[in-house]
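In listed order, ligands and their atoms are each counted from 1.
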Amino acid sequence: MGSIVKPIFGKNFRTFGSNLAGLFFIIETLRRYFPRQIKITIQQFLFHAIQQLPLFKKSSDKILALLSPYTQIRFREIEEYRYNYAYAAIKTYLGAKVNSEVKNLKGTQVKDSKSVDLKRDDSLIEEEYEGVNMWWDLVKCPKGINICSLTFHKKNWEVVTGSYLSYVVEEGKSIQARKENVKLFTNNPSTNWKLQMKNLWSCIDFEHPATFETMAMDLEKKDEIVRDLLAFKDGQEYYNKIGKAWKRGYLLYGPPGTGKSTMIAAMANLLKYSVYDLELTSIENNWELKKLLIATTSKSIIVIEDIDCSVDLTGERNVKEESSSESKREKQKTITLSGLLNFIDGIWSACGQERILVFTTNHLGKLDEALIRRGRMDMHIELSYCTFDAFKILAKNYLNLDSHPLFAKIESLLKETKITPADVAENLIVKDTESEADGSLEGLIRALEKMKPSQKGKADK
Ligand SMILES: Nc1ncnc2c1ncn2[C@@H]1O[C@H](COP(=O)(O)OP(=O)(O)OP(=O)(O)O)[C@@H](O)[C@H]1O
Ligand SMILES: [Mg+2]
């Protein structure tokens, strides 16, 4: 979770941080004689003073090492190339420690929210837990890794490691869960990745309104998918019991405009999972793919759209056949099927938990057997042309109609034509009042009649 330095004097950490524990020792002695406000002022004064004294800076580590009975635990934002969730939870927990005595606060407002969210904006935070003093130092490094470090008296080791840290992390996570909006991440080209893998993904709030209620498709199939997703979300114990990684793969296939992307949005809104939209064409090689995947968080849906267009499905085999150095170089430059399969079987299982992987394609037949065999993709979902059931859902969504005399005609036309839900929606979308509903249904009928195979044949001739 975090790295422990005991006692606290690592040369790698900036001097400010490593001097902290020794200072706290002095401050702890002073605090008995000074009221709270004065004590904080002295504390800040001493921090600044120590930073200004180059001579003291040089020897302070050793002196403090001898004196200090304090221990420091550091939580880096990125630890061994992985995002450190403990860091995020601690930061949220500390940020939420707002009361009228806090001097430095920052305010933010989420879109459509009425209230302003106030967070603590101090870099030094002190608190008491079960009678034990804890000191937090939040170090923001514009170009490096942000760190939260906790300093405490070593006699309180049991309290800190026994209950305090889990209390802080759990509390932070539940604050996050209460506040969090679903996010949409898109991968940045690797040329934009800056220091310490912080720029792998760009992120915005996910505001797609699609839900399973508004998804136009076969009702039984829809129920089955929703049940499957909810069972997955509650499945931690089950996955532990059977010894399988808590992951699930869905392959969505069907013609353009049948709702594949809409279903992904509905999945995210149902589960409240963030979406990682992985654009394979802006990834140079399998190594970058691995880095991106490792940087995803749990409770997320990783999406690769149009998988047949974005991965070199035959790349690996071609390389075996022609062993020229050119093709080897080519291999290193592209995402190969084998890279993707390795990810699904290996890294995918090993990197974190509670993730869903969704592939979409317009052409199931084009996909390599190896990619879609059961076990890799747990559920294959076909999204198809609009049926009457699906049409009724669209009519409810767009026109707020449960029934209408024209429905019977539309039902029989739908049996003869292949129209996508997107095209049906297009015909229904313009009208919104009841009197105009007739007009849009008639418009749909005209469109369906034009699309009837017999009519289409004539038009083609
Ligand atoms: N099954 C559906 N239920 C509800 N709306 C749908 C459905 N299918 C399509 N739509 C509507 O049509 C639009 C296009 O659908 P969507 O982008 O989900 O199709 P797609 O299958 O992802 O297509 P493509 O293969 O081109 O990516 C959506 O914005 C949505 O409004
Ligand atoms: Mg799509």
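Shown here for Gly257 and Pro421, the closest heavy-atom pair between the two residues is O-CD, 3.5 Å. Nearest approach of Met377 to Leu357, heavy atoms of both residues: CE-CD2, 3.5 Å.
At a 4.0 Å cut-off, at least one heavy atom of Leu394 sits close enough to ligand 1 to count as contact.
One option in Pro255, Ala390, Gly257 has a heavy atom closer to atom 23 (O) of ligand 1 than any other, and that option is Gly257. The option from Ala216, Ala425, Pro421 that lies nearest to atom 6 (C) of ligand 1, judged by heavy atoms, is Pro421. Across the listed options Cys386, Pro256, Ser261, Pro256 owns the non-hydrogen atom lying nearest to atom 24 (P) of ligand 1.
Among the atoms of Thr262, no N, O or S atom is found under 2.8 Å from the Mg ion (ligand 2).
The closest side-chain heavy-atom distance from Asn397 to Leu428 is not below 4.5 Å.
One finds a salt bridge joining Glu449 and Lys409 here, because a Lys/Arg side-chain nitrogen approaches an Asp/Glu carboxylate oxygen to under 4.0 Å. Salt bridge annotation for Lys247-Asp378: absent, with no cationic side-chain nitrogen under 4.0 angstrom from a carboxylate oxygen.
What sits closest to atom 11 (C) of ligand 1 on the protein, heavy atoms only, is Ala422 CA, 4.0 Å.
Under the side chain to side chain donor-acceptor pair (under 3.5 Å) rule, Tyr93 has a single partner from Lys173, Glu171, Glu127, Glu170, which is Glu127.
Within 6.0 Å of the CZ atom in Phe388, the count of heavy atoms belonging to other residues, nucleotides or ligands exceeds 12.
Here the side chain of Tyr276 pairs no donor or acceptor atom with the backbone of Leu292 at under 3.5 angstrom. Checked by atom type and distance alone, the side chain of Lys260 never pairs as donor or acceptor with a backbone atom of Leu383 at under 3.5 Å.
In terms of polar-atom proximity, Asp306 is not counted as a contact of ligand 1, lacking any N or O under 3.5 Å from an N or O of the ligand. At under 3.5 Å, a nitrogen or oxygen of Gly259, whether backbone or side chain, sits near a nitrogen or oxygen of ligand 1. The shortest N/O to N/O separation between Thr258 and ligand 1 falls below 3.5 Å.
Here is the list of ligand 1 atoms found below 4.0 Å of a heavy atom in Thr262: 15 (O), 16 (P), 18 (O), 28 (C), 30 (C). Every atom of ligand 1 is numbered from 1 in the order shown, and the set under 4.0 Å from a heavy atom of Thr214 is 3 (N), 4 (C). Taking a cut-off of under 4.0 Å to the non-hydrogen atoms of Lys260, the atoms of ligand 1 that pass are 18 (O), 19 (O), 20 (P), 21 (O), 22 (O), 23 (O), 24 (P), 25 (O). Of all the atoms in ligand 1, the ones that sit under 4.0 Å from a non-hydrogen atom of Asn362 are 25 (O). Of all the atoms in ligand 1, the ones that sit under 4.0 Å from a non-hydrogen atom of Met215 are 1 (N), 3 (N).
Contacts with ligand 1 closer than 4.0 Å are made by side-chain heavy atoms of Tyr398 only, the backbone lying farther away.
Taking the ring centroids of Phe407 and Phe391, they lie under the 6.0 Å cut-off.
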